[in-house]
Amino acid sequence: MRVRRLTPREVIELYEVRAALEGQAVAAVLRSDDAEAKVDELELMLPEAGAGMTYAERFELDLGFHEALCRLSGNETLLAMWTSIKDLMRISLLTAPDQASGSLMAKSHHQPIIDVMRTGDANRARAVLSAHMETAAEVWSGRALSR
């Protein structure tokens with residue numbers, strides 16, 4: 001039996017795709033008539049790791065937040081595409097399960113996304129989300145991205 005692992009390049013590409021999908025989701029949420037309520041709902045889903053939670057459980061909470069962002073966009077195709085790469089996201093977990101990657105799953109790492117969404121500025125929100133994904137790609141891939 002063999003467990004697939006992603007190469008650093010595959011991890012980086014995965015997070016680039018996530019940034020594109022979730023950036024579109026952010027813009028769609030902010031364009032909606034009930035944007036404020038959707039941002040409130042997202043904030044309630046910020047991943048908070050409880051005592052005794054496993055690394056995998058924290059990762060699933062993190063994925064739940066990002067999936068909710070895509071769901072709240074109202075774009076079923078976007079959500080289906082995001083869901084289709086979910087297993088690759090789980091495989092990326094195997095690439096760097098250490099303390100540094102654990103901090104990426106913290107509420108504090110996600111709060112800036114909510115904060116910028118509250119401004120209503122879709123371009124800034126996309127930029128913050130993109131930076132969030134770039135940081136994740138750097139840590140999960142085990143190498144710094146070229147800037």
| task | Please test H66 against H110 for side-chain contact (heavy atoms from CB on, under 4.5 Å), starting from the C-alpha separation and ending with a verdict. | result | CA-CA 10 Å; H66 290 278; H110 291 77; 3.1 Å; yes
| Gap between atom SG of C70 and atom CD of E76 - 0.5 Å precision | 11.0 Å
| task | List the steps and the verdict of side-chain contact (heavy atoms from CB on, under 4.5 Å) for L21 and Q24. | result | CA-CA 5 Å; L21 290 171; Q24 182 60 35; 5.9 Å; no
| query | Do any N or O atoms from the side chain of N75 and from the backbone of L78 form a donor-acceptor pair under 3.5 angstrom? | reply | yes
| same_hphob_cluster(I114, L63) at 4.5 Å side-chain heavy-atom cutoff | no
| query | Taking K38 for the side chain and V29 for the main chain, is one N or O donor matched with an acceptor at less than 3.5 Å? | reply | no
| query | For E36, does the CD atom have more than 12 heavy-atom neighbours from other residues, nucleotides or ligands under 6.0 Å away? | reply | no
| query | Do L88 and L79 share a hydrophobic cluster, counting only Ile, Leu, Val, Met, Phe, Trp and Tyr and linking them when any side-chain heavy atoms are less than 4.5 Å apart? | reply | no
| query | Should the pair E67-R71 be classified as a salt bridge under the 4.0 Å nitrogen-to-oxygen rule? | reply | no
| request: For residues A125 and L30, report the shortest heavy-atom separation together with the two atoms involved. | output: CB-CD1, 4.0 Å
| request: Take M105 and L61 through the test side-chain contact (heavy atoms from CB on, under 4.5 Å) and record every step on the way to the result. | output: CA-CA 8 Å; M105 297 181 279; L61 282 177; over 6 Å; no
| Just how far is it from atom CD1 of I85 to atom CZ of R90, taken to the nearest 0.5 Å? | 11.5 Å
| query | Are side-chain N/O atoms of H109 and D62 paired as donor and acceptor at under 3.5 Å? | reply | no
| query | Side chains of D121 and V116: closer than 4.5 Å at any heavy-atom pair? | reply | no
| Taking it one step at a time, do L129 and L69 satisfy side-chain contact (heavy atoms from CB on, under 4.5 Å)? | CA-CA 11 Å; L129 184 91; L69 173 60; 4.2 Å; yes
| said: Assess whether a salt bridge exists between E22 and R126, defined as any Lys/Arg side-chain N lying under 4.0 Å from an Asp/Glu carboxylate O. | reply: no
| Are F59 and M133 joined in one hydrophobic group, where the rule is that I, L, V, M, F, W and Y side chains link up if heavy atoms are under 4.5 Å apart? | yes
| Could you give the distance from CG (L6) to OG (S92), rounded to the nearest 0.5 Å? | 6.5 Å
| said: Taking R118 first and then D115, would you say they form a salt bridge - that is, a charged N and a carboxylate O separated by under 4.0 Å? | reply: no
| request: Using a strict 4.0 Å threshold on nitrogen-to-oxygen distance, state whether E43 and K107 make a salt bridge. | output: no
| request: Determine whether Y15 and V128 fall in the same hydrophobic cluster, where Ile, Leu, Val, Met, Phe, Trp and Tyr are linked whenever their side-chain heavy atoms lie under 4.5 Å apart. | output: no
| With distance as the sole test, does S130 use its side chain to make a donor-acceptor pair with the main-chain N or O of A127 at under 3.5 Å? | no
| field | Joint cluster assignment, V17 & M81, ILVMFWY side-chain distance < 4.5 Å | value | yes
| query | Which heavy-atom pair separates L46 from F65 by the least distance, and what is that distance? | reply | CD2-CE1, 3.5 Å
| Quick one: CD1 on I113 to CD on Q111, what's the gap to the nearest 0.5 Å? | 9.5 Å
| task | Please answer whether the main-chain N or O of T54 pairs with a side-chain N or O of E57 as donor and acceptor at a distance below 3.5 Å. | result | yes
